[in-house]
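Below is one structure, written out as structure tokens; the observations come after it.
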Amino acid sequence: MTTQNRSSFFLPNGLRRCGRYDTIFYGAYAGIGSTFDMRVRFDLKQKINTAKLQKAADRALRAYPEFAVRPVLHEGRICYETNSAPVKLAPDDGKRLYFGTEDTNGYLFVFLYGERHLSFSIFHSQTDAHGMIGFLVTVMWNYLVAMFPPARLLGTKMFTRHGIRADDSLFYTMDDTERYDPLTKFARPGNMVQPVDLERLFRFPPEDAPKDCASCHLVNLEISNAAFLAKVKELGTTFAPLLGALTAEAIRDCFDVGDRDVVVITTADGRRVVPSNTLGNLAYNVYLPVTPQIAALPLKTQCEKLAEQLATQRTEAHVRATYKDILRQCDEIDAMGDIDKVNAFLTGPEGLANSMTGTGTVFLTYPGRIANNPISGVLLDGLSPGILAAERAIDVYAHRDALIIQFSQKSDDPSLIDAMRRTLKKHGFAVKTRDLGRVTQNVFDFDKIKHV
């Protein structure tokens, strides 16, 4: 199904076509061993009131109509039908749940709760980190007002000025293409920056874990965000280059890299270049290659080199050309046939999608900082990111004075985590370790969703 055949998003049977970017997630990052399950965990100061949380989540969903859908398989493609079920709150008991089924009331997301913690789990096809965080802020604001009614006097401008929704008005500011398929809206032909030499790329050896492993091992390394910011200022850089340089140093400490390049893949939000209210996936990859020559330089100079690479990949021309290239990949997947059969091949033993990082060494996601605010101050003891996927990944989040560097991996091998701990200590950071143990990964399974 090519772009020219998608002139209308709505089908006569009431279904809506999904966005083009979704093709990659359903084709390569779905299935038992490959589903990209994004998480955020909130540790709360008080016991959870599930009745009030239910109302808060249902009310928030009204501001996010894009999320109020159930995925169905129709004529070999994923489509969405309108879903009016309550948001699903499920006990965080380690049971594997299936996105888009009755496990999640049909949604591509679910809230998992314990006595004093709440974890949000969402399949990446639904949105990127920007959309996930926006929805969560709205849910937690509604819950704050339900628990402490005077909080409503503070008003919502503290978050709506950042594009986070209190109602559905932003949804109606867009045309259908921007709303549901922003990649097509913003893609343009052009020349992408290509900073990676694939022949020199260092790739991780396979993890000692079965591909269909039902869980990921999560470990948080926590340092002071103020201390990290001071180091950033001392080096005259920004967070991403410094995180990239430290990660590459830890990888060289842990593995026999030799004369190959360690390429840290960070993610960037395209809305900073092409402003939009869409919640469709607009994240794109930014590559920070640390060659042996760069690795031998002082840390300050390493950061300068990586910052230069970062800048070349944040131009409008590069971002739009990157979106055009992603559309090319979507066309290739579409041309292979029915999406469920394509997924079975791409994620199978003979497939091509056995690695998320075919063009880099490791993913390092840094969505940003959750600043001090009434929601955080009143409700939260702490906050932790989460990425549950098919291989090693690093997710970094800042909340209050905690900069959390989370390692997600299929195996229990602590070698890379220990190497990062050594690297952080070498550069003057005090490190706390919190082992979250094995966390069950929720998945998307074509055999379990509704077929129309």
Side-chain angles (χ1 to χ4, degrees), residues 40-43 129-130 132-134 136-137 158-159 161-164 219-251 253 262 264-269 271-272 283 286 288 290 294-295 297-311 313-314 362-377 379-387 393-407 417 419-434:
V40 175
R41 174 185 167 116
F42 301 96
D43 292 305
H130 173 91
M132 175 183 70
I133 292 169
L136 287 174
V137 169
M158 64 177 173
F159 59 82
R161 67 173 179 264
H162 299 295
I164 296 170
V219 179
N220 289 354
L221 300 182
E222 181 183 321
I223 62 176
S224 165
N225 193 56
F228 196 83
L229 180 58
K231 178 67 75 172
V232 164
K233 291 181 177 179
E234 173 192 331
L235 297 173
T237 188
T238 56
F239 270 57
L242 180 52
L243 286 168
L246 295 175
T247 300
E249 183 175 335
I251 291 172
D253 178 33
V262 174
V264 178
I265 309 175
T266 66
T267 52
D269 182 4
R271 297 168 188 81
R272 297 186 177 185
V286 173
L288 302 179
V290 182
I294 291 177
L297 297 171
L299 185 59
K300 179 179 176 64
T301 312
Q302 289 187 50
C303 290
E304 291 171 355
K305 297 290 186 183
L306 296 182
E308 291 171 3
Q309 291 281 12
L310 188 65
Q313 297 172 73
R314 285 189 169 174
V362 67
F363 265 104
L364 188 153
T365 303
Y366 176 58
R369 173 177 174 78
I370 297 294
N372 292 331
N373 58 68
I375 300 173
S376 173
L379 293 180
L380 304 184
D381 262 342
L383 184 149
S384 177
I387 286 182
I394 303 173
D395 201 6
V396 182
Y397 223 88
H399 179 244
R400 299 190 188 129
D401 190 41
L403 184 71
I404 301 163
I405 303 170
Q406 182 180 95
F407 286 78
I417 301 163
M420 178 61 95
R421 186 186 297 109
R422 288 193 299 270
T423 299
L424 292 169
K425 289 182 177 180
K426 171 186 170 182
H427 291 284
F429 298 106
V431 185
K432 299 178 183 176
T433 303
R434 182 185 181 191

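Values reported hereafter were calculated over all heavy atoms of this structure, with side chains retained and with hydrogens, waters and symmetry mates removed.
Considering only residues two or more places apart in sequence or on other chains, Ala419 meets the side chain to side chain contact (heavy atoms under 4.5 Å, CB included) condition with Ala250, Asp253, Cys254, Arg422. The side chain to side chain donor-acceptor pair (under 3.5 Å) test applied to Thr237 returns no partner, not counting sequence neighbours. Not counting sequence neighbours, the partners of Lys426 by the side chain to side chain contact (heavy atoms under 4.5 Å, CB included) test are Glu249. Residues passing the side chain to side chain donor-acceptor pair (under 3.5 Å) test with Gln406 are Asn220, Ser384, sequence neighbours excluded. Applying the side chain to side chain contact (heavy atoms under 4.5 Å, CB included) test to Glu304 and every residue at least two apart in sequence or in another chain returns Lys300, Thr301. Looking at residues two or more places apart in sequence or on another chain, you find a side chain to side chain contact (heavy atoms under 4.5 Å, CB included) between Ala295 and Arg252, Val290.
Of all heavy-atom pairs between Leu299 and Ala245, the closest is CD1-CB, 3.8 Å. The two atoms that bring Val362 and Ala393 nearest to each other are CG2-CA, 4.4 Å, heavy atoms only. In this structure, Arg314 and Ala268 approach most closely via the heavy-atom pair NE-CB, 4.5 Å. Across every non-hydrogen atom of Pro374 and Met158, the tightest pair is CD-SD, 3.5 Å. Here the shortest heavy-atom pairing between Leu403 and Ala398 reads CD1-CB, 3.8 Å. Across Ser376 and His399, no two heavy atoms sit closer than the pair OG-NE2, 2.7 Å.
The distance from the CD atom of Glu308 to the CG atom of Leu288 is 12.0 Å, given to the nearest 0.5 Å. We find the NE2-NE2 distance between His130 and His162 to be 11.5 Å, quoted to the nearest 0.5 Å. The NZ atom of Lys432 lies 9.0 Å from the OG atom of Ser224; values are rounded to the nearest 0.5 Å. Considering CZ of Arg41 and CG of Leu380, their distance stands at 12.0 Å, rounded to 0.5 Å. Between the CD1 atom of Ile223 and the CZ atom of Phe429 there is a distance of 4.5 Å, given to the nearest 0.5 Å. In this structure, the separation between NZ on Lys305 and CG on Leu310 is 15.0 Å, given to the nearest 0.5 Å.
Considering only heavy atoms from C-beta on, Ile404 stays 4.5 Å or farther from Val396 through its side chain. For the pair Thr266 and Phe363, the minimum side-chain heavy-atom distance is 4.5 Å or more. You'll find the side chain of Tyr366 stays beyond 4.5 Å of the side chain of Ile405, heavy atoms only. In this structure, Glu222 and Val431 have side chains that are not in contact, with every pair of non-hydrogen atoms separated by 4.5 Å or more. The shortest side-chain heavy-atom distance between Val219 and Arg434 does not fall under the 4.5 Å cut-off. Residues Thr247 and Ile394 form a side-chain contact, since some pair of their non-hydrogen atoms from C-beta on lies under 4.5 Å apart. Using a 4.5 Å heavy-atom cutoff, the side chains of Ile417 and Leu221 are in contact. A 4.5 Å side-chain heavy-atom check between Pro241 and Thr238 finds at least one atom pair inside the cut-off.
In this structure, Arg421 contributes its side chain and Thr433 its backbone to no donor-acceptor pair below 3.5 Å. No donor-acceptor distance shorter than 3.5 angstrom exists from the side chain of Asp43 to the backbone of Leu383, with no hydrogens or angles considered. For the pair Gln313 (side chain) and Gln309 (backbone), a donor-acceptor distance under 3.5 Å is present. Using a distance-only test at 3.5 Å, with no hydrogens or angles considered, a donor-acceptor pair links the side chain of Asp401 to the main chain of Asn225. In this structure, the side chain of Gln302 engages the main chain of Leu297 through a donor-acceptor pair within 3.5 Å.
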Could you walk me through whether Leu364 and Ile265 pass the side chain to side chain contact (heavy atoms under 4.5 Å, CB included) check?
CA-CA 6 Å; Leu364 188 153; Ile265 309 175; over 6 Å; no
Passes side chain to side chain contact (heavy atoms under 4.5 Å, CB included), Phe228 versus Leu242? Steps please.
CA-CA 9 Å; Phe228 196 83; Leu242 180 52; 3.5 Å; yes
Decide yes or no on side chain to side chain contact (heavy atoms under 4.5 Å, CB included) for Val137 and Ile375, but give the supporting numbers first.
CA-CA 8 Å; Val137 169; Ile375 300 173; 4.2 Å; yes
